[in-house]
Amino acid sequence: MSKKNELIQSVKGTRDLLPGETPLWQRVEEEARRVFEAYNFREIRTPILEQTALFARSVGSDTDIVTKEMYTFEDRDSESLTLRPEATASVVRAYIEHGLYNEGGVHKLYYFGPMFRRERPQKGRYRQFYQIGAEVLGSDHPTIDTEVLEMLVLLLERLGLKEFKLLLNSVGCPKCRPEYLKKLRHALDAVKTKLCTDCQRRAQTNPLRVLDCKVEADQPVIEKLPYILDHLCSECRQHFECVTGELDERGVAYEIVPRLVRGLDYYTRTTFEITSGLLGAQNAMLGGGRYDGLSEMLGGPPAPGFGFAIGQDRLVLTVEESAALKMKAPLAVYVAWMGEAAREPAVRLACQLRREGISTEISFQQMKLKKSLGIANKLQARHTIIIGEEEVASGHYQLKDMETGEQRAVDAVQLVAAIKEKLGETFQSGRAPSSQAK
RNA sequence: GUGAGCGUAGCUCAGCUGGUAGAGCGCCAGACUGUGGAUCUGGACGUCGCGGGUUCGAACCCCGUCGCUCACCCCA
C-alpha cells in the first residue's frame with residue numbers, strides 16, 4: 001500500500017505526451033492518413049482488449065511476446081483477456097467476424113493506436129507504445145507487397161526522413177520452411193561451439209535468430225550458414241522475384257538481407273523492416289510482411305494478407321532528430337482589454353473570432369496593457385487587439401501586428417474581416433498549415 | 001528477467017580531500033497611469049529521491065530501497 005501523500009506517477013514504461021510534442025504526433029498522423037487514403041486504405045478501429053487466445057494463436061504461443069510480455073488478466077467472469085501487443089491479429093479477427101471477405105476483392109485497412117508489451121523500457125521502447133499500421137487482406141499477389149512498400153517509402157519521404165533503409169527478405173512458407181529449418185539446425189550443430197553463448201542457446205530455442213546475431217566474432221561462421229532465400233520453394237521464389245522486380249520498376253530502393261528475421265510466427269514469404277540510424281539500439285522503425293495462413297489460424301476462410309506496423313514513438317524520434325519539421329503553434333489573436341466598459345465588447349469579439357475558426361486568447365481578468373502585451377508575446381500571438389475605454393467610445397479598436405509592431409485603428413465592425421485578410425489563406429484556421437484537409 | 005550509469009530549485013546543471021546549498025534559464029514584481037520582445041533592479045521557490053548506518057557534523061562516505069536512463073534479451 002502506498003503511503004498517503006506519496007507522489008503518484010505514471011506507470012513504468014508509459015508516458016505523457018505534453019502539448020510541446022503533440023503537434024509532431026498529430027503531424028505524423030495526418031500525413032499517414034493522407035498517404036494511406038491516397039492509396040485507397042480505409043480506417044478500422046478495433047478494441048484494445050481482446051481474448052487472450054487471439055494472440056496465442058496468431059503471434060505464436062512460444063514467442064517472447066506471448067510467453068512473457070503480455071498484459072493478461074482474468075475478467076470477473078474468469079475469461080482471460082489481454083491488452084493487445086499488436087493489432088494485425090485484431091484486424092484479421094474483425095475481418096473474419098464481420099464477414100468482410102463476402103464483399104469480394106481486397107480490403108485495405110489502416111489503424112492507429114496504443115499497444116502494450118511488458119518489457120524493460122529503453123530508448124524507443126515503451127510498455128505502452130503506439131503503432132500506425134495497415135493491412136491488405138484478400139490476395140497473395142506480389143504487387144500488393146510492392147504497392148504497400150512504395151506507400152511506406154512515400155510516407156517517410158513526406159515526413160522529411162532521409163536516413164532510412166528498406167531491408168527485405170523472404171521467410172518462405174509452410175511448404176519450404178520446415179525443410180530449411182532442418183538444414184539450418186543441422187549446419188548449426190556442426191559449428192555451434194564456435195558461436196557466442198547467446199547463439200548457442202538460440203541454436204536450440206530459435207535457430208533463425210542466430211542469423212541476426214550482431215557479435216563480430218560470429219560473423220564468419222554465420223556467413224557460411226544456409227540462408228532461407230536459397231531454399232525457397234518455386235512459388236515463394238517466384239513471389240519474391242516479382243516483388244523485387246516491381247520495386248525496381250517503381251524506383252524503390254531496398255536491400256536484400258537474407259538474415260532478416262521477424263519475431264512473430266504468422267509471417268510467410270515477404271518480410272521487411274525499415275531501420276533508421278538515428279534510433280539507437282532499437283533501430284527498427286517499422287516492420288511487417290506477408291501472413292498468408294493467419295486467417296485460417298483464427299478460424300476464418302483462406303484470406304492471404306500483407307501488412308506492417310510503424311513504431312510511432314520511434315518514427316517521431318527520427319523525425320525530431322532529422323529536424324525536418326519545426327513545429328510552431330502560433331496564436332492568431334490576443335484580445336487585450338482594459339476597464340470594465342471594455343470587458344463585454346472584448347468577450348464578444350473573442351467569441352466572434354473563435355466562431356470563425358481563428359485561434360484567439362483573451363484574459364479572463366483585467367490587467368495592465370503592459371502585462372497583456374507580455375502575455376500576448378509569450379503566446380506568440382500574431383496580433384493583439386487592444387480595447388479600452390477610448391476604443392469602446394470611438395467604435396474603433398487598435399489592431400497591433402506583434403511581429404512588426406505596427407498598429408492601427410480598425411472599425412470594430414470590420415475587424416474580423418481585417419484579421420482574416422491579414423492572416424491570409426494559409427492561416428485560415430489560425431494554426432500552422434498542416435491541418436489542411438486532404 | 002540480467003547488467004551498467006544517474007537521481008541537487010519548474011528546466012539544464014555546479015557543489016574541491018565530509019563543515020547543514022549555488023549558477024544560468026524560466027517564473028513573479030518594479031524601473032515605465034494604455035503598449036510586448038532588449039536592459040537593469042529586486043523577489044519567491046530546495047524533505048539535496050527515500051530509509052538506515054558511520055561521524056561532533058553527510059548533498060558528499062557505507063548499506064538498503066525506489067525511480068529514471070541506457071544496454072542485453074526481444075521487438076515497433
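By convention in this document, chain letters (A, B, ...) are assigned in the order of the sequence lines, proteins followed by strands, and residues within each chain are numbered from 1.
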Considering every strand and a 4.0 Å limit on heavy-atom distances, what is the contact class for A:G124: base, sugar-phosphate, or nothing? base
I'd like the P distance from B:C11 over to B:G53, given in whole Å. 30 Å
With rounding to whole Å, what would you report as the distance between B:A58 and B:G52 at their P atoms? 13 Å
A:F272 CZ to B:A76 P, straight-line distance once rounded to whole Å: 10 Å
Let me spell it out: for each of A:R118 and A:I310, pick the nucleotide of RNA chain B with the closest heavy atom. Which residue's pick is nearer the 5' end? A:R118
Looking at A:R354 and A:E361, is any side-chain nitrogen of the basic one under 4.0 Å from a carboxylate oxygen of the acidic one? yes
A:R45 and A:E43: CA distance, side-chain angles, deciding distance, salt bridge (Lys or Arg N to Asp or Glu O under 4.0 Å) verdict: CA-CA 7 Å; A:R45 301 193 190 194; A:E43 185 177 5; 3.0 Å; yes
Answer with base, sugar-phosphate or nothing: what part of the nucleic acid does A:F308 contact at a heavy-atom distance below 4.0 Å? nothing
At under 4.0 Å, does any side-chain N or O of A:K12 touch on OP1 or OP2 of B:C68? yes
With no hydrogens and no angle check, just 3.5 Å: does a side-chain donor-acceptor pair link A:Y39 and A:E150? yes
With ring-ring contact (aromatic ring centres under 6.0 Å, His included) as the rule and sequence neighbours excluded, what pairs involving residues 255-277 of chain A come up? A:Y266-A:Y291, A:F272-A:F306
Measure from the side chain of A:R125, starting at C-beta and using heavy atoms only, and say which of B:G67, B:C73, B:G34 lies closest. B:C73
Scan for side-chain hydrogen bond (donor to acceptor under 3.5 Å, both in side chains) pairs involving residues 393-405 of chain A, sequence neighbours excluded, and state none if there are none. A:Q398-A:Q407, A:D401-A:K422
Answer yes if the side chains of A:T88 and A:E135 hold a donor-acceptor pair under 3.5 Å, and no otherwise. yes
Is the shortest distance from a Lys or Arg side-chain nitrogen in A:K68 or A:E119 to a carboxylate oxygen in the other one below 4.0 Å? no
Distance only, no hydrogens: is a donor on one side chain within 3.5 Å (strictly under) of an acceptor on the other, for A:S90 and A:E50? yes
Tell me which nucleotide, if any, is Watson-Crick or G-U wobble paired with B:G67 when both distances must be under 3.5 Å. B:C6
Counting only Watson-Crick pairs (N1-N3 plus N6-O4 or O6-N4) and G-U wobbles (N1-O2, O6-N3), all under 3.5 Å, who is the partner of B:U12? B:A23
Are OP1 or OP2 of B:A29 and a side-chain N or O of A:K368 less than 4.0 angstrom apart? no
Per-nucleotide protein contact string for nucleotides 35-42 of chain B, where B marks a base within reach and S marks sugar-phosphate only (heavy atoms under 4.0 Å, - for neither): BBB-----
So what does A:A376 touch, heavy atoms closer than 4.0 Å: a base, only the sugar-phosphate, or nothing? nothing
How is A:Q282 classified with respect to the nucleic acid when contacts are heavy atoms under 4.0 Å: base, sugar-phosphate, or nothing? base
What I want to find out is whether A:E29 reaches A:R33 closely enough, with some N-O distance under 4.0 Å, to be called a salt bridge. no
For B:C60, the Watson-Crick or wobble partner whose two distances fall under 3.5 Å: none
Under 3.5 Å for both donor-acceptor distances, Watson-Crick or wobble: does B:U41 have a partner, and if so which one? B:A29
Please determine if a side-chain N or O atom of A:R120 lies less than 4.0 Å away from the OP1 or OP2 oxygen of B:U69. no
Between B:G51 and B:G7, how far apart are the C1' atoms? Round to whole Å, please. 15 Å
Taking the minimum atom-to-atom distance to the side chain of A:R314, which one of B:C74, B:G30, B:A76 wins? B:A76
Regarding A:Q312, tell me which of base, sugar-phosphate or nothing describes its non-hydrogen contacts under 4.0 Å with the strands shown. nothing
Measure from NZ or CZ of A:R15 to the centre of the six-membered ring of A:Y126 and say whether it is under 6.0 Å with the direction within 45° of the ring axis. yes
Check nucleotides 8-12 of chain B for protein N or O atoms closer than 3.5 Å to its own N or O atoms and list the pairs.
none

Expected list for residues 336-349 of chain A: side-chain donor-acceptor pairs under 3.5 angstrom, two or more places apart:
from	atom 1	to	atom 2	distance (Å)
A:W337	NE1	A:S363	O	3.1
A:W337	NE1	A:S363	OG	3.4
A:E340	OE2	A:R343	NE	3.0
A:E344	OE2	A:R348	NH2	2.8

Rounded to whole Å, the NZ-C1' distance (A:K68 to B:C72) equals 11 Å
By the Watson-Crick or G-U definition, both distances under 3.5 Å, B:U47 is matched with none
With P as the reference atom in both, quote the distance from B:C60 to B:U47 in angstrom, rounded to an integer. 16 Å
Rounded off to whole Å, could you give me the NZ-to-P distance for the A:K123 and B:C70 pair? 7 Å
Give the B/S/- string for nucleotides 43-49 of chain B, one per nucleotide from 5' to 3', where a protein heavy atom under 4.0 Å of the base yields B, of only the sugar-phosphate yields S, and otherwise -. -------
Rounding to the closest angstrom, what is the interatomic distance between B:U33 and B:G15 at atom C1'? 46 Å
Is the closest side-chain heavy-atom distance between A:S170 and A:T271 below 4.5 Å? no
Just name whichever nucleotide pairs with B:U54, Watson-Crick or G-U, keeping both distances under 3.5 Å, else none. none
Going by atom types alone, do A:H239 and A:D140 pair a side-chain donor with an acceptor below 3.5 Å? no
Please report, rounded to the nearest Å, how far the C1' atom of B:A76 is from the CG atom of A:L167. 14 Å
Could you state the CE-C1' distance from A:M70 to B:A76, rounded to the nearest angstrom? 17 Å
Would the distance check show the side chain of A:S276 and the main-chain N or O of A:L278 forming a donor-acceptor pair, the cut-off being under 3.5 Å? yes
Applying a 3.5 Å limit to both distances, which nucleotide forms a Watson-Crick or G-U wobble pair with B:G1? B:C72
State whether a side-chain donor-acceptor pair under 3.5 Å links A:E69 with A:Y71. no
Taking B:U55 as the reference, what is the distance to B:U20 when you measure between their C1' atoms (whole Å, please)? 14 Å
Spacing of A:M338 atom CE relative to B:G34 atom P, expressed in whole Å: 8 Å
Spacing of the P atoms in B:U54 and B:C70 (rounded, Å): 38 Å
Taking only the P atom of each, what is the distance from B:U12 to B:A4 in whole angstrom? 26 Å
What is the distance from CD of A:Q122 to P of B:C73, rounded to the nearest Å? 10 Å
Interatomic distance, A:Y126 OH vs B:U69 C1' [rounded to whole Å]: 10 Å
